[in-house]
A.B. asks: 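What follows is a single structure, and I will ask about it in a moment.
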Amino acid sequence: MRALRLTAWGEPPTQTEVEQPVPHGAEVLVRVEATGLCHSDLHVIDAAPGALPYRLPFTLGHEVAGRTLALGPDADGVAVGDRVVLYGPWGCGDCDRCAAGRDNYCDRRDTLAWHGAGLGRDGGMAECVLVPSARHLVPIGDLPADQAAPLSDAGLTSYHAVAGLRHALEEGTTTVVIGVGGLGHLAVQILRATTPSRVLAVDVREEALALADRSGADFGTLMRADTAGVLRKRSGGAGADAVLDFVGTTQTLELAAGILRPGGELAVVGSGGGRLTVSKPGVLPPGFRLSLPFWGTRPELAEVVALAQSGAIHVETEQFPLSAAPEAIGRLRRGRVRGRAVLVPD
């Protein structure tokens, strides 16, 4: 079968032919219908040797949806032909958090040589993907695969981040979403679907603000010198009750700190390498709380799928055949993908 494999750190992945896996034990073989492509894939491709614990080569792709093709003799909870989305973070499977479906916070994460499909283990940028256990599969029914695949990261990560702030997002509150790409446009929709909070959006691209508007944002503005003042005015003058930063650069973190009201909530999801100096006087609002949400839980993925099935959220995607993966990767690097790039088998 054809697969997109990472064979050397810092080098472009290679299209190659590999043998189709045969499931053993509790394993499940899934025929891939769609795989999302995101900046996490770029971080893996560009990683320096030794920066990640993964062993080369492996197939990329951690946002995967498809149909079960074959089962190992010990697999249960799933039948051949079921349509599923993969729960992306694979933990040790033995600790209390993994047992509760919280592999994203696995107690042994730092000791593993992988972190999931396409993250040290063979992923979904192929015709088929081998899943170690049916516990990593969530049913999707008749939800289109190009909608389901991005839910496993872009949707789940956004949902998990919003869930951590929901206690503070009552009627009359304001939430700011910084960065309206694959995750940010879903965060806007999830906020509208699950909270009464007013949603303001920020990006550096006009087309991203148009996407925010289509996603239901109450207001959008470009990142400029006066953005903090504009957002404070739109929040009624007090500042934002919560900020979700899907970029994570120093510039966006400083904007977030500048628009939070005292006691506000800042969730940093983006991995832009920025810094926020805690000891710098006058920079941070008193009583503010910082969280670093990572991916999400398996029960939350089922909730995200239910939202999509109800029509409450919709992923804007651009589809590429698997053979055009280099083009998709190049466009993602240049910031020229609208919403989420999705690869489908040729």
Side-chain angles (χ1 to χ4, degrees), residues 21 23-30 32 35-36 38 40-41 43-44 47 51-55 58-66 68 70-79 82-124 128-140 148-164 166 183 190 267-269 271 291-307:
H24 300 281
E27 294 173 335
V28 179
L29 186 66
V30 175
V32 175
T35 303
C38 77
S40 296
D41 296 304
H43 293 323
V44 172
L52 295 171
Y54 313 154
R55 301 187 186 99
F58 60 88
T59 302
L60 294 167
H62 59 277
E63 291 185 342
V64 190
T68 55
L71 309 178
D74 301 324
D76 61 7
V78 67
D82 286 352
R83 297 189 68 249
V84 294
V85 61
L86 272 62
Y87 174 61
W90 297 350
C92 69
D94 296 321
C95 70
D96 291 343
R97 289 183 174 180
C98 287
R102 301 175 65 208
D103 294 56
N104 54 318
Y105 296 133
C106 171
D107 285 328
R108 300 188 179 100
R109 178 178 171 80
D110 291 343
T111 70
L112 302 177
W114 71 89
H115 292 140
L119 301 169
R121 298 281 291 267
D122 285 337
C128 294
V129 60
L130 189 65
V131 182
S133 168
R135 77 184 188 89
H136 297 306
L137 302 176
V138 171
I140 60 172
L151 297 181
S152 65
D153 183 359
L156 177 57
T157 300
S158 299
Y159 187 87
H160 183 63
V162 171
R166 201 170 292 143
L183 277 74
I190 290 165
V268 181
V269 182
S271 52
S291 61
L292 303 172
F294 174 70
W295 221 324
T297 70
R298 190 167 66 250
E300 286 175 327
L301 179 55
E303 293 169 13
V304 174
V305 169
L307 279 178

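Just so you know, residue 1 is the first one in the sequence shown, and it goes up from there.
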A.B. asks: Working to the nearest 0.5 angstrom, can you tell me the gap between H136 NE2 and L301 CG?
C.D. replies: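 Between H136 NE2 and L301 CG, I get 12.5 Å after rounding to 0.5 Å.
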A.B. asks: Got a donor-acceptor contact below 3.5 angstrom from the E63 side chain to the A154 backbone?
C.D. replies: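 It does hold such a pair.
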A.B. asks: Are any non-hydrogen side-chain atoms of C92 and D107 less than 4.5 angstrom apart?
C.D. replies: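 No, their side chains stay 4.5 Å or more apart.
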A.B. asks: Are any side-chain N or O atoms of T68 and backbone N or O atoms of D82, one a donor and one an acceptor, separated by less than 3.5 Å?
C.D. replies: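 Yes, the answer is positive, given that a donor and an acceptor are paired below the 3.5 Å cut-off.
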A.B. asks: Taking T35 for its side chain and G124 for its backbone only, find out whether a donor-acceptor pair lies under 3.5 Å.
C.D. replies: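 Side chain of T35 to backbone of G124: a pair is present.
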A.B. asks: Check whether any side-chain heavy atom of L137 lies under 4.5 Å from a side-chain heavy atom of V30, and answer yes or no.
C.D. replies: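 Touching, per the 4.5 Å side-chain cut-off.
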A.B. asks: G296 and Y87: which non-hydrogen atoms are nearest, and at how many Å?
C.D. replies: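 For G296 and Y87, the tightest heavy-atom pair comes out as O-OH, 2.7 Å.
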A.B. asks: For D74, look at atom CG and say whether over 12 heavy atoms of other residues, nucleotides or ligands are found less than 6.0 Å away.
C.D. replies: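 Yes, because the 6.0 Å sphere around CG of D74 holds more than 12 heavy atoms from other groups.
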A.B. asks: Answer with yes or no after comparing the ring centroid distance for W295 and H62 against a 6.0 Å cut-off, counting only values under it.
C.D. replies: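 Centroid separation for W295 and H62: below 6.0 Å.
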A.B. asks: Mind checking whether E27 and P21 have side chains closer than 4.5 Å, heavy atoms only?
C.D. replies: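 No, their side chains stay 4.5 Å or more apart.
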A.B. asks: Do the non-hydrogen side-chain atoms of C98 and D103 ever get within less than 4.5 Å of each other?
C.D. replies: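 The answer is yes; the side chains approach within 4.5 Å.
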A.B. asks: Grab the two heavy atoms, one from V44 and one from F58, that are nearest each other, plus how far apart they are.
C.D. replies: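 Looking at all heavy atoms of both residues, the closest pair is CG1-CZ, 3.9 Å.
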A.B. asks: Do P23 and L71 make a side-chain contact, defined as non-hydrogen atoms from C-beta onward lying under 4.5 Å apart?
C.D. replies: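 Answer no - side chains too far apart.
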A.B. asks: Going from CG on L156 to CD on E303, what distance comes out if it is rounded to the nearest 0.5 angstrom?
C.D. replies: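 Between atom CG of L156 and atom CD of E303 there are 9.5 Å.
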A.B. asks: Centres of the Y105 and H160 rings: under 6.0 Å?
C.D. replies: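 Between H160 and Y105, which both carry aromatic rings, the centre distance is below 6.0 Å.
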A.B. asks: Under 3.5 Å, is there a donor-acceptor pair between the H43 and S271 side chains?
C.D. replies: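 Note: H43 and S271 side chains meet the donor-acceptor criterion.
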A.B. asks: Hey, could you give me the OG/CG distance between S152 and L86, rounded to the nearest 0.5 Å?
C.D. replies: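 Reported value, rounded in 0.5 Å steps: 7.0 Å.
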A.B. asks: Are D122 and V129 side-chain neighbours, meaning at least one heavy-atom pair lies under 4.5 Å?
C.D. replies: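 The answer is no; the side chains never approach within 4.5 Å.
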A.B. asks: Using atom types as modelled and distance alone, determine if a side-chain donor or acceptor of S133 lies under 3.5 Å from a backbone N or O of A26.
C.D. replies: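 No; zero donor-acceptor contacts below 3.5 Å.
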A.B. asks: List the atom of H115, the atom of P53, and the distance in Å for their closest heavy-atom pair.
C.D. replies: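 Heavy-atom minimum between the residues: CE1-CG, 4.1 Å.
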A.B. asks: Flag the pair Y159 / L151 as yes when at least one side-chain heavy-atom distance between them is below 4.5 Å, and no otherwise.
C.D. replies: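 The answer is no; the side chains never approach within 4.5 Å.
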A.B. asks: Would you find a donor on one side and an acceptor on the other, under 3.5 Å apart, between the side chain of R298 and the backbone of R135?
C.D. replies: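 Indeed, once roles are kept as given, a pair shorter than 3.5 Å links the two residues.
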A.B. asks: Is it true that a side-chain atom of Y54 and a backbone atom of G118 form a donor plus acceptor pair closer than 3.5 Å?
C.D. replies: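 The answer is no, because no donor-acceptor pair under 3.5 Å joins these two groups.
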